[in-house]
Amino acid sequence: MTPGRKRVLLTAAILTAVALAFYVGIFLLVSWRHP
Amino acid sequence: MSHESHDNHGEHHPSGLMRWVTTTNHKDIGTLYLLFSLLMFFIGGSFAMVIRAELFKPGMQIVDPVVFNQLTTMHALIMIFGAIMPAFVGLANWMIPIMIGAPDMALPRMNNWSFWILPFAFTLLLGTLLMPGGGPAGGWTMYPPLMLQTGTAFPFVIFAVHMMGISSVMGAINIVVTILNLRAPKMTLLKMPLFVWSWFITAYLLIAVMPVLAGAVTMLLTDKYFGTSFFNAAGGGDPVMFQHIFWFFGHPEVYIMILPAFGIVSEILPTFARKPLFGYESMVYAVASIAFLSFIVWAHHMFTVGMPLAGELFFMFTTMLIAVPTGVKVFNWTATLWKGSLTFETPMLFALAFLFLFTIGGFSGVMCAIVPADFQYQDSYFVVAHFHYVLVTGAAFAIMGAVYYWLPKWTGHMYNETAGKWHFWMSTIWVNVLFFPQHFLGLAGMPRRIPDYPVQFTDLNMLSSIGGFLFGASQLIFLYVVISCIRGGAKAPAKVWEGAKGLEWHLPSPPPYHSFTTPPDAEIWAHPYRD
């Protein structure tokens, strides 16, 4: 894998993690407000 | 440009239908998105025609109230998720790689997947209209408990919304990764074209808020079928909580539909004013500020639910703050025109109409931000007028301007300028006849989302409906211009517009199937926004 390709996949992985964090986060937030 | 055309030897890609199904080429996928959004524009528009026909006079004429509610809900979902957003993603796919000197999008296979989810999502969504109990009728906001009354269609709608969200998030990730990793050497972030900048920021908004919508509708699903009580007061939940979550998504969503439009207008105005854009860096910071503010204004959509005064004041002031960076942009666009050598080709006409008419939508937005005044405007036709000025004469006009601006580049043919101007003037006249009277209807007390109304609202509704029918008919001219331009026409040069700058105009029209397989020379993309 070229360094450029590695950087592309790393950026994509970080952004995917951010999106998933928002998805999971909203459940945690709602559960915290209404245990 | 000359080194591009001989890079296409040994090209092996499928032809016919399979070319489009299996394509990983950003230009093909951009075309698919744009054609898909055009189809959705006409489907969503046909629902609007039925709505306006029903509202032409008081009493029930054409559809029963249940169908009417399904049509308003579907009109919004189709236009937002099927027409406006895919059109912008199509423009991003086509233009971002060739504006930054990249060979393609960074993740081409995911790009294919992002698009091909959409036809399935919208077939599923539209298919719910044929199910027992009909399609969703609770409005695009899907508020519980009303939304939970949807019949068989409910889980299918939720699944369709998830699919649209996944498509959007994948598209957004692709755009950010492309911009961060595939720019031509020496093209620093603050040398990127403003269309690329506006999409860069929009993509972050999408990544942050589409999962929140997905979370909210997943909770609706579990509330209905799996015994949870996220939004069920009887089980200890809170229906108003859904509104907070929805609008935490929904307000940035509004900016997702307008920030790329800002980018388009910032490309078109300098070209036809033959001047660099006034205040490039302040334009970038203004877009970033608007994006940031979009996360802290959501409750202005729900001032009347009964919030603490401190909350209402906070959301009122943050909302009004948005007028500052938006004002910077309107000022900069106006200053770009000042003493320019203006010509008025169709893309310029749409950009200028955007400047005036989007600003009307902005002003009525500031009116809605004022809490005590909003108690009168809430859920009235004033709000319908406000957001249609923002989304039709704002987002849709910018998309149409962009199509006229780049269509010769995409097809290699000049479009019919006379027909384009007819389309512009018909659209601009009738869209105002359609939506301007709705301000007065709202101020006089006509609620939104009703199939019938008291007789005192008849005259303005008739006027609005006449504007609606003629605005709808005007779009057939657009269809004619696009189809005839794809089929043929005068040969377009590489640099279609005299005042155009930027990398895309250094490629032939149409560009080769693979462009910039080697990064472009630094000197050919002289920063387009500075002398």
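Here is the naming used below: chain letters follow the sequence lines, and residue numbers restart at 1 for every chain.
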Gap between atom [atom2] of [Y] and atom [atom1] of [X] - 0.5 Å precision:
X      : Y      : atom1 : atom2 : value
A/K6   : B/N181 : NZ    : CG    : 14.0 Å
A/I14  : B/L180 : CD1   : CG    : 9.5 Å
B/H244 : A/L29  : NE2   : CG    : 11.0 Å

Output, in order, the C-alpha distance, side-chain angles, deciding distance and verdict of side chain to side chain contact (heavy atoms under 4.5 Å, CB included) for B/L107 and A/L9.
-> CA-CA 9 Å; B/L107 302 156; A/L9 293 178; 4.2 Å; yes
Taking every non-hydrogen atom, the tightest pair across A/I26 and B/G215 =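 Closest heavy-atom pair between A/I26 and B/G215: CG2-CA, 3.9 Å.
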Please test B/Y204 against A/V18 for side chain to side chain contact (heavy atoms under 4.5 Å, CB included), starting from the C-alpha separation and ending with a verdict.
-> CA-CA 10 Å; B/Y204 281 112; A/V18 170; over 6 Å; no
Do other residues, nucleotides or ligands put more than 12 heavy atoms under 6.0 Å from B/F120 CZ?
-> no
More than 12 non-hydrogen atoms from neighbouring residues, nucleotides or ligands closer than 6.0 Å to CH2 on B/W113, yes or no?
-> no
Are the side chains of A/V30 and B/D238 in touch, meaning some heavy atoms are under 4.5 Å apart?
->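 Side-chain contact under 4.5 Å: no.
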Would you indicate whether the side-chain heavy atoms of B/I207 and A/F22 approach each other to under 4.5 Å?
->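 Sidechains of B/I207 and A/F22: no contact.
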Residue part contacting chain A, namely of B/I245, when any heavy atom lies under 4.5 Å = side chain
